[in-house]
Structures are given as C-alpha cells and as structure tokens.
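Chain letters run A, B, ... following the sequence lines, proteins first and then strands; every chain starts at 1.
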There are 2 protein chains.
Amino acid sequence: MYFHIFVEMNWEKKHITIHDIARELKISASTVSRALNNNPRISAATRDMVQKLAAAHGYQPNVMASSLRKGRGNTVGVIVPNINRSFFSNIIGGIEEKLSGAGFNLMICQSNESLDKEKEALQTLMHARVDGIMMSLSMETQDYAHLEKLLNRGIRMVFFDRVPDTLAVDGVVIDDHAAAFRITTALIEKGYRHPAHVGGSGKINVYRQRKSGYLDALKSSGSQVIASHITETDMTRQGGRKAFREIMQSDPRPDAFICAGDLAAHGVLLEALKNHFRVPEDIAVSGFANEEFTPHITPPLTSVDQKGLEMGRQAASLFLEQEATNDGSRIVIEPEVLFRLSTQKEITLRTE
Amino acid sequence: MYFHIFVEMNWEKKHITIHDIARELKISASTVSRALNNNPRISAATRDMVQKLAAAHGYQPNVMASSLRKGRGNTVGVIVPNINRSFFSNIIGGIEEKLSGAGFNLMICQSNESLDKEKEALQTLMHARVDGIMMSLSMETQDYAHLEKLLNRGIRMVFFDRVPDTLAVDGVVIDDHAAAFRITTALIEKGYRHPAHVGGSGKINVYRQRKSGYLDALKSSGSQVIASHITETDMTRQGGRKAFREIMQSDPRPDAFICAGDLAAHGVLLEALKNHFRVPEDIAVSGFANEEFTPHITPPLTSVDQKGLEMGRQAASLFLEQEATNDGSRIVIEPEVLFRLSTQKEITLRTE
DNA sequence: ATAATTTGTGCAATCGATTGTATTTTCATA
DNA sequence: TATGAAAATACAATCGATTGCACAAATTAT
C-alpha cells in the first residue's frame with residue numbers, strides 16, 4: 001500500500017529506508033514496515049509515530065524491494081493496436097487515471113494490428129512480471145490459444161473494445177450494434193432509401209456487431225437487404241475508396257454508406273466527391289470512432305463517439321475488482337452518435 | 001544484460017531462477033549469474049553450458065531482483081505534454097524502438113501542458129526509481145529549478161523538442177528556425193506580400209525559433225517587419241481565430257499567416273473562410289507539426305513534418321550514449337516542409 | 001619439484017521490504 | 001504477587017540476482 005503524502009521534493013538526499021526510520025525510532029524494521037502498512041498488530045501510538053516520521057522524511061517504499069518480496073511488481077501491461085489513434089490513447093488515459101491512483105504503473109505496448117507483435121508484447125510483459133494485462137486484440141488475432149495459456153496460468157486479464165468472444169474473460173465494449181442501428185435507422189428516416197455497409201473483418205466482434213446493427217435496422221424499418229450493398233474492407237482510406245467503387249456498381253445504387261470505421265468512411269467520402277456526387281445531398285456517409293479529423297473535413301463526418309476515456313476507466317475498475325472474480329463479465333457502454341453534415345439530407349430542404 | 005532467445009512461450013511452468021540452473025548443473029548460483037552475464041572470470045565451457053541450459057529452460061532473469069540489487073530498474077520515464085498528439089506518439093514510438101532493444105522499459109506520463117502535472121510526473125518517476133528521464137517541457141514550464149535538482153542529483157536526462165535552453169542538458173530538436181524561414185521565404189516568392197506570424201509563448205524555445213525564422217526571412221527578402229502582424233496565442237483553434245481577427249485590423253492587412261502550430265493555423269483558416277476570404281488566393285495559411293488532420297481539411301494545410309519518429313530514435317540514442325557524458329549536446333534534425341494547397345497562390349494563375 | 005601466478009568457482013553478504021514465528025511487555029484476574 | 005492471556009514488538013528468513021573476497025585448480029616460472 002502506498003502513501004501519497006506529497007512533501008516537498010527532496011531529491012538531493014538519498015532515499016531513506018525502513019531501516020533508517022527504525023534506527024531513528026529505536027524500533028525494528030519489521031515494526032516500521034507493519035506500521036506503514038497499517039497492520040493491526042501495531043499499536044496506534046507506534047503507527048502514528050512511524051507514519052509521522054516517514055512523512056517528515058518523505059519516505060517512499062522501494063518498489064523493487066517490495067515487488068521482489070511480494071512477487072508482483074504493481075505494474076500492469078496494456079496492449080493496444082496503436083497508440084496514435086485517439087480512441088486508444090483516450091482509453092489509456094482512462095486506465096492510467098484509475099490505476100495510478102491504486103498504485104499501479106503501466107507498461108504500454110503496441111501490436112500494430114499484427115498477431116506476431118501481439119505475442120511479442122505478451123512475452124515482454126510476462127518477462128516483466130506484470131500483475132495483469134489489459135488489452136484490445138489486433139486485427140489479425142483470430143485464434144486465442146496464446147491468451148488461453150495466460151488465463152490458465154492465472155494471469156489477470158481484462159479486454160476492451162476488441163474482445164475474444166469465445167473466451168469467458170472480463171471485458172468492456174461499447175454497444176456497437178446499437179450505434180450502427182441508430183445511424184442506419186436515422187438515415188432511413190431522413191429519406192435515404194438504400195444504405196450500404198462498408199464493414200471490417202467478420203472475425204472481429206466489433207465489426208460483426210456493427211454489421212448486424214445495420215442489418216437489423218434495415219429489417220425493422222422494412223427495407224430490403226441487398227447483398228451487393230455489403231462489403232468488407234481493411235478499414236483504410238484506400239479500402240473505403242475501393243469499396244465505394246465496387247458497391248456503386250450494383251443495382252439499385254445505394255445512397256448512403258454506413259462505414260464501420262472513420263478512415264474507410266473518409267475514403268468513401270473522397271471517392272464520392274471525386275465522382276461528382278454531392279454529400280450529403282446525393283449520398284450520405286457515416287464513420288465510426290470519431291477520430292480527430294472527422295469534424296474538420298468537408299463535409300464533417302457523422303461518426304460514433306466510442307467513449308474511450310470511459311471505457312478505459314471501466315476496464316481499469318474491472319481489473320481492480322477482479323482480484324478473484326474473473327468470471328467473464330462484460331460491461332457495455334452506451335456510445336454516442338454524433339450526427340454531422342455528411343448525413344444531413346434535410347439540409348438541402350432547409351436551404352431556401 | 002538480457003538474452004533475447006525466444007523459445008516457445010512456457011508460461012505454464014513457474015519461472016526458473018539461477019538457483020534452479022545451478023542445482024541442475026551442480027555449480028553455484030554465482031557462477032550461473034556470471035556465466036549469463038558473460039563475465040570473463042568464467043571459463044568458456046561453463047559459460048556455454050549455462051547459457052545453453054538457460055535458453056533451453058527459457059530462463060528470464062527476475063527484473064525485480066536484479067533491479068533491487070543493482071539499484072536501478074532498467075526503466076526510463078518519458079514525459080510528454082500529451083500522448084494524443086501524433087508528433088509525440090511518434091516520438092514515443094521512436095524511443096521505444098531504441099530502448100526496448102537495449103532492455104529498457106518505458107514509463108509514460110503526460111503533463112497536459114501543466115507545470116504542476118509535470119512536477120507530479122517527475123515525482124512519480126523518481127519514486128519508481130527510473131534510470132533516467134526523457135521529456136519535453138510543458139508550455140507552462142519557464143523555471144527550471146525542479147529540473148536542476150534532478151540534474152544535480154545525477155539523474156540522466158534527455159530532452160526533446162521543447163528543451164530548457166538555459167540548462168546544459170542533452171537534447172534533440174528540429175531546426176524550427178529553418179522551417180519557418182523556408183516557409184516564409186517560399187510564400188514571399190509565391191507573391192504573398194505581407195506574411196503575418198501567429199506564434200506561441202516566447203518562453204518556449206521552439207516558438208522563439210519559429211518566430212525568428214519568420215523574421216529573418218522577412219529581412220533577408222527585404223520585406224519590412226510590421227509589428228502588428230506578429231502575435232502570440234495559446235496555440236488552440238480558438239486562439240488562431242482570435243489572432244486572425246486581431247491581425248486583420250492592422251494596416252496594411254497581411255495576406256499570409258505563418259502559424260507556429262496546426263491548431264492555430266486551422267483556426268486562422270476557418271476564420272478567414274468565415275469572413276469570405278479565399279484561401280489560398282487571398283490569404284495563405286501554414287501550420288506546424290503536420291497533425292493528422294492537416295492534409296484532410298479544405299484546403300489542405302501546409303505544415304512541417306517534425307520527424308517525430310526520428311527525433312525519438314535520436315533522443316534514445318543520446319540517452320544510451322549518455323552513460324557518463326551529459327555534456328549538454330544538442331542534436332538538430334532537419335524538418336521537412338510539406339507545401340499543400342493552403343499556400344499555393346499560383347494555383348489561381350495556373351487555372352486557365 | 002616447488003614456488004609464484006593465473007584462472008576458475010564458491011561462499012556469503014547485500015539490496016529493502018515483508019512475514020511467520022518467537023519473545024517481550026502489558027494488563028487483568030485469581 | 002503470581003499467572004495466564006492478550007497485545008505489541010523483535011528476530012530472522014526470504015524473494016533472486018549480484019559481487020567482493022576467499023579459496024582451489026591449473027599453469028607457468030624458477
């Protein structure tokens with residue numbers, strides 16, 4: 001347990017140890033240790049005396065020593081596909097906020113969407129003897145053997161966003177289905193007749209959810225599902241452009257693109273404009289993730305706020321509660337759809 | 001020293017120690033330790049035998065134990081203003097690449113441009129007994145007393161981008177002066193007559209450099225310096241908008257805005273468009289940092305690639321070399337100016 | 001063949017905090 | 001006052017790797 005008593009920085013002096021305190025108070029080091037840890041076997045008088053002196057000296061426990069003894073380093077590993085993406089860096093922010101308060105440090109790794117790098121990161125983290133791992137799967141990860149090994153070994157794990165759905169592990173996700181459903185329904189209500197879907201790999205839970213949200217919205221509004229209006233991409237701008245060209249071949253042609261990612265949506269948007277379609281008058285485009293650029297492009301892109309900070313916080317809480325209970329609980333966070341100009345068909349009606 | 005021999009992950013087994021190896025080979029643990037560390041006092045035969053068995057068992061040293069003994073944890077602290085900004089996350093990528101290869105772990109903190117948070121982060125890092133600190137100053141940091149304390153205490157430090165200029169510390173910067181000079185000169189050559197400058201706090205080296213690059217370019221091209229064309233902002237979009245309105249009051253009115261940051265530049269751009277100026281025909285705008293959104297806005301924003309990855313790598317190298325030689329050496333990286341539509345006056349001439 | 005080196009290993013202490021097991025102190029009760 | 005239980009504290013081992021020093025073995029010199 002840590003004492004966060006912020007005395008003035010005294011970095012000139014050497015770090016003091018419990019032995020220094022013990023000597024000064026003419027008691028044993030073990031008593032000091034117990035006093036600092038509020039062990040009930042220590043009398044209130046001694047405890048206060050020790051804590052007061054420790055605070056006065058700005059004592060900070062040597063984490064290496066206590067880690068060695070306790071066998072755990074109060075460090076948790078975090079693996080994200082990419083630290084650059086605002087969604088993930090927000091998540092990290094949320095995790096850090098919760099965990100640093102609980103005395104944990106973070107070790108952050110990037111998988112770059114590669115399974116090999118993901119395994120490598122897990123290696124690194126295990127060698128560092130982290131107390132647990134919080135992660136979001138790479139795009140390539142479809143087989144969970146490497147994760148199961150860890151789970152069997154009793155490693156605490158919490159997943160966020162991209163979770164291994166066939167494993168009973170703790171995780172935090174947003175309601176992707178609801179977000180996609182809401183967007184699709186809204187577009188249909190606005191008068192778009194044939195929304196298409198540019199999705200991601202069906203191997204990944206979030207993309208499956210987004211697709212099924214789209215499909216369910218079509219059904220519940222009585223629209224027909226057109227197979228050629230549905231495609232999978234790699235979620236890049238280039239992939240979006242390609243998807244646009246392909247889907248526009250079909251008959252009937254769609255007049256809206258519900259994309260499972262912002263980059264792909266941007267690609268669709270650019271390709272649409274390039275081919276002299278008006279957005280949103282002729283074609284609506286929506287993305288997913290509310291990346292930093294989405295409000296700044298022309299027209300601003302409708303997207304989904306995935307509540308990264310909130311997700312990070314929840315995941316961290318789950319991790320902290322998980323002392324014993326890795327029971328595969330899933331927290332679902334409500335996303336927020338940010339409707340922007342790229343889907344505002346009525347804007348043309350209003351412009352009189 | 002670490003052995004990066006990647007045997008198949010064997011996380012089911014307990015971690016083995018040098019004592020296990022010693023017992024198996026019927027030698028002492030100290031010999032094992034020395035053999036693994038390539039200590040010359042150990043015979044080649046023993047060394048090979050030990051290393052082979054260690055590799056076979058997938059032995060990994062317990063970092064906590066060796067940290068405790070050696071008094072250093074093979075961890076370096078990194079403090080950046082904000083992990084979200086692509087420039088900084090690229091730097092982190094570069095640092096990680098170099099340092100993880102050298103067996104170091106990273107502890108990443110954000111200052112959020114606040115001096116208090118910066119101090120807090122330094123606290124945290126010192127308590128974690130990091131081996132050194134790599135950082136970029138917060139905007140608020142103007143007094144370096146807290147850093148000097150650390151330096152006097154012998155803490156290894158390397159700065160990047162925002163460096164404390166009155167301190168003889170190692171650092172990596174880009175040639176901000178050259179970048180600003182180049183942009184300003186180019187704009188004048190393109191026919192813009194009165195470039196203005198939207199700068200950041202003069203307390204920070206990079207903003208001073210950018211401003212002086214702008215000024216020197218004016219001088220060397222024989223343009224006059226107009227005081228009312230120069231302003232300081234907080235480098236936000238809002239700040240950029242405000243700067244635009246203010247500067248446009250002056251006589252003569254400027255026809256170009258060299259901004260020291262992308263957000264401010266975007267603010268200027270938006271405000272210009274809002275006031276029915278054409279960009280780049282009437283007014284040119286340039287930013288700094290090549291943030292992710294810059295190529296995607298309308299018109300795409302001229303900016304400066306600050307070579308974050310490269311800067312991170314160099315900073316890490318400096319850190320590694322610095323075992324003894326903290327002699328205040330500065331590495332200067334050549335930036336790359338990315339001219340985009342927002343400064344292409346001739347585009348109008350070409351449109352025939 | 002013996003002394004003087006050189007070379008290779010082992011022993012034991014150490015880093016600082018934690019914790020099971022004494023041991024001492026305190027206090028109440030007989 | 002002696003005795004037992006309870007409360008408070010001390011002792012010592014431990015976590016795993018490192019390292020100064022001692023010691024043994026092998027090699028060279030005399």
Among D/dC21, C/dA17, C/dG20, find the nucleotide with the atom closest to the side chain of B/Arg34. D/dC21

Between the protein and nucleotides 13-15 of chain C, which nitrogen or oxygen pairs come in under 3.5 angstrom?
unit_1 : atom_1 : unit_2  : atom_2 : d
C/dT14 : O2     : B/Arg69 : NE     : 3.4
C/dT14 : O2     : B/Arg69 : NH1    : 3.0
C/dC15 : O2     : B/Arg69 : N      : 3.4

So which pairs with a foot in residues 18-33 of chain A pass salt bridge (Lys or Arg N to Asp or Glu O under 4.0 Å), sequence neighbours left out? A/Asp20-A/Arg23

In whole Å, I'd like the distance from the CZ atom of B/Arg72 to the C1' atom of D/dA17. 13 Å

Euclidean distance, atom NE2 of residue A/His57 to atom P of C/dG16 [Å, nearest integer]: 16 Å

Quick check on D/dA17: is either OP1 or OP2 less than 4.0 Å from any side-chain nitrogen or oxygen of B/Tyr59? yes

5' priority, DNA chain C, between A/Thr31 and B/Thr31 [closest heavy atom]: B/Thr31

Tell me: NE2 of B/His127 to P of C/dA17, nearest whole Å? 13 Å

Measure the distance from NE2 on A/His19 to P on D/dA10 and round it to the nearest whole Å. 13 Å

Can you tell me if the side-chain N/O atoms of A/Ser66 get under 4.0 Å from OP1 or OP2 in C/dA17? no

Can you check side-chain contact (heavy atoms from CB on, under 4.5 Å) on A/Glu321 and A/Asp170, steps first, answer last? CA-CA 11 Å; A/Glu321 291 166 10; A/Asp170 289 357; over 6 Å; no

Length of the CZ-C1' vector between A/Arg129 and D/dA17, whole Å: 11 Å

Over how many whole Å does the gap from A/Ile18 atom CD1 to D/dC11 atom P extend? 13 Å

Could you say whether B/Ala29 or A/Ile27 is positioned toward the 5' end of DNA chain D, judged by the nucleotide with the nearest heavy atom to each? A/Ile27

Name the residue closer to the 5' end of DNA chain D, choosing between B/Ser33 and A/Val32 according to the nucleotide with the nearest heavy atom. A/Val32

For A/Ser43, side chain to side chain donor-acceptor pair (under 3.5 Å) partners two or more places apart: A/Thr46

Results of side chain to side chain contact (heavy atoms under 4.5 Å, CB included) for A/Arg129 - residues two or more places apart only: B/His15, B/Asn62, B/Met64

Does B/Ser33 have any side chain to side chain contact (heavy atoms under 4.5 Å, CB included) partners at least two apart in sequence or in another chain, and if so, which? B/Ile18, B/Asn37

Answer yes if the side chains of A/Gln51 and A/Asn38 hold a donor-acceptor pair under 3.5 Å, and no otherwise. yes

Under 3.5 Å, N/O pairs linking protein and nucleotides 5-8 of chain D:
none

Using the side chain to side chain contact (heavy atoms under 4.5 Å, CB included) criterion, which residues pair with B/Glu310? Sequence neighbours excluded. B/Lys307, B/Arg313, B/Gln314, B/Ile333

Separation of D/dG16 P from B/Arg23 CZ (nearest whole Å): 11 Å

Could you check how far CG of B/Leu36 sits from P of C/dT9, rounded to whole Å? 14 Å

Under 3.5 Å, which donor-acceptor pairs do the side chains of residues 158-165 of chain A form with other protein atoms, sequence neighbours left out?
unit_1   : atom_1 : unit_2   : atom_2 : d
A/Arg162 : NH1    : A/Glu113 : OE1    : 3.1
A/Arg162 : NH1    : A/Leu137 : O      : 2.7
A/Arg162 : NH2    : A/Glu113 : OE2    : 3.0
A/Asp165 : OD2    : A/Arg208 : NH2    : 2.1

B/Asp48: what forms a side chain to side chain contact (heavy atoms under 4.5 Å, CB included) with it, not counting sequence neighbours? none

A/Ile108 and B/Glu96: CA distance, side-chain angles, deciding distance, side-chain contact (heavy atoms from CB on, under 4.5 Å) verdict: CA-CA 10 Å; A/Ile108 298 165; B/Glu96 158 128 51; over 6 Å; no

A/Ser28 side chain near D/dC11 phosphate (N/O to OP1/OP2, under 4.0 Å): no

